[in-house]
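Each remark here refers to the structure printed beneath this line.
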Amino acid sequence: MTDRHRGEARFEALLAAEEKVEPPDWMPDGYRKTLIRQIAQHAHSEVIGMQPEANWISRAPTLKRKAILMAKVQDEAGHGLYLYSAAETLGITRDEMMRLLHEGKHKYSSIFNYPTLSWADIGCIGWLVDGAAITNQVMLTRCSYGPYARGMVRICKEESFHQRQGFEIMATLSRGTPAQRQMAQDGLDRWWWPSLMMFGPHDSASTHSRQSMEWKIKRVSNDDLRQQFVDMTVPQAEYLGLAIPDPDLRWNAERGHYDFGEIDWDEFWAVVKGNGPMNRERIAHKRAAWEDGAWVREAAAAYAARRRDAVA
Amino acid sequence: MSYSVPRLPEERDGDFSPQGRDGSSGWPLWEVFIRQRRGMSHIHAGSLHAPDGEMALQSARDVYTRRGEGVSLWVVRSSDITASDADEADSLFEPTADKPYRDATFYQVPTEVEWL
């Protein structure tokens, strides 16, 4: 048996036994590339996701909300770093991932290409966007690649605070003045459909899903995850007394699930292809932050070199 | 947050050149170990890039202990770790399987005998 055959047999045996694949193990080229793409995009999403939220730090309504929002944005940076580290175990460097993001060759979640127009949007990001993310990430804690699964466990633990603080913002607005209530409803109207889009195309249109399921990178299909999210979230919206902007939404007793309307797939693909409301601005801001931070990286390296010389 | 971004028809995997893991602005990679409480061992938590050990510790504090995860941190240059070879795992660890007498449950103890 050649090394490759032995590696392949071992890889298949690990997957079949529900054991994790670890960095030094042999893995198919496609598995490695799929994971690099997915983990890097996940990391980029955490990092770009700081922008719409940071937009409201200076305008948070109270000092408590401001402290919470800063902690949340700091968490997103941390989550990005855990994920970049996980991707690096597959042989790509941090600098390479930054370059691919800055050049538009790597993508990030389209949800962050929508603007945060009001304080309620911060509530909606926590409640809906993080809620959708958690649905996906809980599944990913069972991913077959060890470093990714471990990162997800840590992230899921931290992320539950994000969703709760978002729901609390929405609950406070919903119990407020008519204007605050309207602000909450407007937020839900804007974020509901983009949140459903986060789960990706229908299973029938998702060509790479099947392979990812076979590799046990993905454990639940896009449509099943989306249904799970709708079923969890509709009663929460009812509690808030807010109306979900979907005339086709109704409980289907036969299925034991909510039926819901069709996503506007033209909008979905337009945003994926770079024509969402904020695509250009997000990348321009990211590049500017990287370039403006160059002196910090240089200073840190110079400081470390000087200390090394002093010791030598 | 998370995020499958669907693949566009014309999209290809970003070409990359593996350069080893010491590739972030020339900053080496450090492995981070956290002691959760006094009396426990330091346990591996993750990794990060930093120009030297002192800055690695500062970053480790920010990245890995935002919620009181520990009382002590170690950072170790990843390149200083010597690891066993995954391909040799069978020959390295197999011998323990056929030595069950190293385990207390191997031995029969009469039920009426105490303190064993």
Point-to-point distance, once rounded to the nearest 0.5 Å, from [atom1] of [X] to [atom2] of [Y]:
{"X": "A:Tyr303", "Y": "B:Met55", "atom1": "OH", "atom2": "CE", "answer": "6.5 Å"}
{"X": "A:Arg94", "Y": "B:Trp27", "atom1": "CZ", "atom2": "CH2", "answer": "10.0 Å"}
{"X": "A:Leu81", "Y": "B:Tyr64", "atom1": "CG", "atom2": "OH", "answer": "7.5 Å"}
{"X": "A:Tyr84", "Y": "B:Leu48", "atom1": "OH", "atom2": "CG", "answer": "15.0 Å"}

note = Hits for salt bridge (Lys or Arg N to Asp or Glu O under 4.0 Å) against A:Arg308, two or more places apart or cross-chain, chain-then-number order -> none
Given that the side chain runs from C-beta out, which part of [X] has a heavy atom under 4.5 Å from chain B: side chain, backbone, both or neither?
{"X": "A:Arg150", "result": "neither"}
{"X": "A:Gln74", "result": "both"}
{"X": "A:Glu158", "result": "both"}

ask   = Of all heavy-atom pairs between B:Arg66 and A:Gly78, which one has the smallest distance, and what is that distance?
value =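 Nearest pair, atom of B:Arg66 first, then A:Gly78: NH1-CA, 3.9 Å.
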key: A:Ser85 to B:Ser47 - nearest heavy-atom pair and separation   =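 Looks like OG-O, 3.1 Å.
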query = Given that the side chain runs from C-beta out, which part of B:Ala50 has a heavy atom under 4.5 Å from chain A: side chain, backbone, both or neither?
reply =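 Neither part, no heavy atoms under 4.5 Å.
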query = More than 12 heavy atoms of other residues, nucleotides or ligands under 6.0 Å from CZ of A:Arg210: is that the case?
reply =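 No, not enclosed.
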ask   = For B:Arg61, does the CZ atom sit with more than 12 other heavy atoms under 6.0 Å from it, leaving out its own atoms?
value =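 Atom CZ in B:Arg61 is not packed in, count stays at 12 or less.
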inquiry  = At under 4.5 Å between heavy atoms, what parts of residues 67-76 of chain B are in contact with chain A? List them by residue number.
reply    =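 Result: B:Arg67, B:Glu69.
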